[in-house]
Amino acid sequence: MASEQIALTLLMGALLVGVVAFITRVEDWRSYTPLAGGGGGTAEESGYAQDEKPGGLVRWLTTVDHKDIGMLYGTYAIVTFTVGGAMVMIMRTELLDPAATLISAQLYNGLLTSHGITMLFLFGTPIIAAFANYFVPLIIGADDMAFPRVNAIAFWLLPPGAVLIWAGFFVPGLAPAQTGWTMYAPLSVGVGAGTQGGAGVDLMLLGLHLTGVSATMGAINFIATIFIERAEDCTWANLDIFSWTILTQSGLILFAFPLLGSALVMLLLDRNFGTAFFAVEGGSPLLWQHLFWFFGHPEVYILFLPPAGLISLILPKFSGRKLFGFKFVVYSTLAIGVLSFGVWAHHMFSTGIDPRIRASFMAVSLAIAIPSAVKVFNWITTMWSGRVRLTAPMLFCIGTISNFIIGGITGVFLAAIPVDLVLHDTYYVVGHFHYIVMGVLGFMTFAGLYYWFPIFTGKMYQRTLAKWHFWLTFVGTQFTFFAMLLLGYLGMPRRYATYDFPIGPVDPVTALHQVATLGAFLIAIGFVIHIWNFIQSWSEGPVLDDEDPWDLKEINQYTREWRWHSRRLETTIADGSGEEDSDGEGERDLATDGGQDTDESDDSENVESTDS
């Protein structure tokens, strides 16, 4: 068995070396000059420019256009979100009753492990990369990413990473990894009577390594692009807030992901070559926790900061005024980025580390709540004296703020040592974490998709379905994750496949699990509506000729990506491929998403844009 694992590991290593060798020999990847600005900035210099892209599958396999790669990232992320969501729906259905009635405990543990890794590494980082790839070059006035080919390579590392992570579910003779998404030693080293010594764990670790390499390459590219590819009139003083958050996130990735990669290599060596980095005898299982959480807590902010940037970008558009306290939002972003590397040990308060060290980490963990609160204050203040339009993107922004307040406050409780010792490893932690990840990242993913839908499709979604999507998702989120907070107060441990305890409050725990499962089904129904709305509107919806579907010119917030969209529409009309909609009034109503002003004052009233 050991020899088979070593052979498989060597085979996968040889495969990765072969992929790298092949990529380095590719000298002639296509670069494209777009028809209306943006993308393919290196085409003229390389000499491989052409007037239009190839059609069909060849385009998507060979493209280095940042917009195409953004679309690839987005499609990949939606697929992985669907897979991860299907995993959790099976788990939540199993938890409807205390006993194991639907799936085995082993399968539950495998789904639990893959769900966490899928949502964090295969959905979270790629969906942010989707928005950043498509829009950051447009917003800052760059022709393309600084390294277009590296951009393409970074994406194409992700699909094989997903296949390796999920291999245990569909490869005969393999079992899925059951280590939990945190992969704590000594379990992940292969110690014990379980299946953790199987090759499924090795493949998962290799897949994680690929996703880490992909994220690091993307981070380097974003840093270089924002630093050296900006237009002359895009200075540090007027750089948009979304680009600031992407820049900060990329810095975090640059320091955090290589450490995770090193820890994964050490774990693979322990599992297959007899080293003792994390072994009980001769090593330190606690070392894995230090290495993992030094990456893991910055990873939380890697997933939080870009959605926070999206709120700061989108919310003012539907508040009728500029973002309040722009500079303080930027400073708070940078402060979070710095402080995020000083809080990792609050995940380890119950491990017996020195109380003086625990106290220092508690202080920093409490302090990082301050710049987060600054963001919330500025968002609320932006809406306070604005003229709010409740479009679908705005509803998701408001929902995100409410979720973040709950997730942030529960995080402050967990940062306090006495409270954490009571609630550690209970469902309270699960509820807190999901209020941040699903409640912020998930919600702002939908907000961004709806806000920029006219740009990347040229059409408009069905506004009624979009609002149904929001309300089902918002109500389902509260049902699911607030029930988890209450389960934590009752002492329900997380990661348990059953809860048929001989003692304890089994009936209340069962009821709360059922409420959480009901909420999960509401979220799933909302997501199905979103997918239907997205695909149907894109394929069959009327072409949107309005260059300003959100009426941003009226409030002086017609930003650079929308000006690019306007130029593209002019090019399309000049080519004769666009058709005028005879019903201009209906088109206008469709374009504005039916958002109604909460202020019933006369529409002709002048709205001042302030940037305090």
Side-chain angles (χ1 to χ4, degrees), residues 84-85 87-105 107-116 119-120 178 180-182 184 300 346-347 349-350 399 402-443 472-524 526:
M87 292 175 178
V88 80
M89 292 309 299
I90 297 173
M91 294 160 54
R92 289 288 354 146
T93 304
E94 168 59 42
L95 292 170
L96 277 170
D97 69 312
T101 55
L102 181 65
I103 58 176
S104 66
L107 179 56
Y108 181 93
N109 290 335
L111 292 172
L112 173 71
T113 300
S114 294
H115 165 73
M119 290 306 200
L120 293 177
Q178 301 172 41
W181 72 273
T182 55
Y184 276 1
V300 173
H346 73 221
H347 296 273
F349 282 161
S350 61
S402 63
N403 292 333
F404 181 56
I405 290 173
I406 298 174
I409 291 175
T410 52
V412 171
F413 290 155
L414 290 173
I417 296 171
V419 178
D420 182 78
L421 293 177
V422 175
L423 297 175
H424 183 73
D425 264 345
T426 69
Y427 261 85
Y428 188 91
V429 179
V430 181
H432 153 71
F433 184 60
H434 281 79
Y435 262 115
I436 298 298
V437 176
M438 177 60 192
V440 176
L441 174 60
F443 272 56
L472 286 169
T473 305
F474 183 76
V475 173
T477 296
Q478 308 314 315
F479 277 16
T480 299
F481 305 131
F482 201 83
M484 290 182 178
L485 297 178
L486 298 179
L487 283 168
Y489 282 128
L490 291 176
M492 173 70 198
R494 60 178 174 175
R495 301 175 182 171
Y496 274 38
T498 63
Y499 50 96
D500 191 11
F501 309 129
I503 58 173
V506 177
D507 291 339
V509 167
T510 302
L512 288 171
H513 270 300
Q514 292 170 348
V515 171
T517 301
L518 171 62
F521 274 97
L522 290 177
I523 295 172

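Side-chain atoms are counted along with the backbone in the values below, which use heavy atoms only and exclude waters and symmetry mates. Bear in mind that the values here come from a model prediction, so they are computed numbers and not experimental data.
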Shortest non-hydrogen contact from [X] toward [Y]:
| X | Y | result |
| --- | --- | --- |
| S402 | F474 | OG-CE1, 3.3 Å |
| H424 | S350 | CD2-OG, 3.1 Å |
| M119 | G85 | CE-N, 3.4 Å |

Can you check side-chain contact (heavy atoms from CB on, under 4.5 Å) on T410 and Y435, steps first, answer last? CA-CA 9 Å; T410 52; Y435 262 115; 5.6 Å; no
Starting at [atom1] of [X], measure out to [atom2] of [Y] and round the result to the nearest 0.5 Å.
| X | Y | atom1 | atom2 | result |
| --- | --- | --- | --- | --- |
| H434 | T477 | NE2 | OG1 | 10.5 Å |
| I417 | F349 | CD1 | CZ | 4.5 Å |
| F404 | I409 | CZ | CD1 | 10.0 Å |
| L102 | L96 | CG | CG | 9.0 Å |
| F479 | T517 | CZ | OG1 | 12.5 Å |

Are the side chain of [X] and the backbone N or O of [Y] linked by a donor-acceptor pair below 3.5 Å?
| X | Y | answer |
| --- | --- | --- |
| T480 | A520 | yes |
| Q178 | N109 | no |
| H115 | L111 | no |

Intermediate values then yes/no, side-chain contact (heavy atoms from CB on, under 4.5 Å), H347 and T182: CA-CA 11 Å; H347 296 273; T182 55; over 6 Å; no
Taking atom OH as the centre, does Y184 end up with more than 12 heavy-atom neighbours from other residues, nucleotides or ligands that are less than 6.0 angstrom away?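 Yes - once you tally the heavy atoms of other residues, nucleotides and ligands closer than 6.0 Å, there are more than 12.
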For atom OH of Y108, decide whether the heavy atoms of other residues, nucleotides or ligands shown that lie under 6.0 angstrom number more than 12.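 Atom OH in Y108 is packed in, count exceeds 12.
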Is there a side-chain contact between [X] and [Y] (heavy atoms, below 4.5 Å)?
| X | Y | answer |
| --- | --- | --- |
| M492 | T426 | no |
| D420 | H346 | no |
| F481 | N403 | no |
| L486 | Y427 | no |
| I406 | L485 | yes |
| H432 | L414 | yes |

Report the residues that fulfil salt bridge (Lys or Arg N to Asp or Glu O under 4.0 Å) with R494, sequence neighbours left out, ordered by chain and then residue number.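 Salt bridge (Lys or Arg N to Asp or Glu O under 4.0 Å) list for R494, sorted by chain: D425.
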Atom pairs and distances, side-chain donor-acceptor, residues 499-513, under 3.5 Å, sequence neighbours left out:
unit_1	atom_1	unit_2	atom_2	d
Y499	OH	L95	O	2.7
T510	OG1	V506	O	2.8
H513	ND1	R92	NH2	3.0

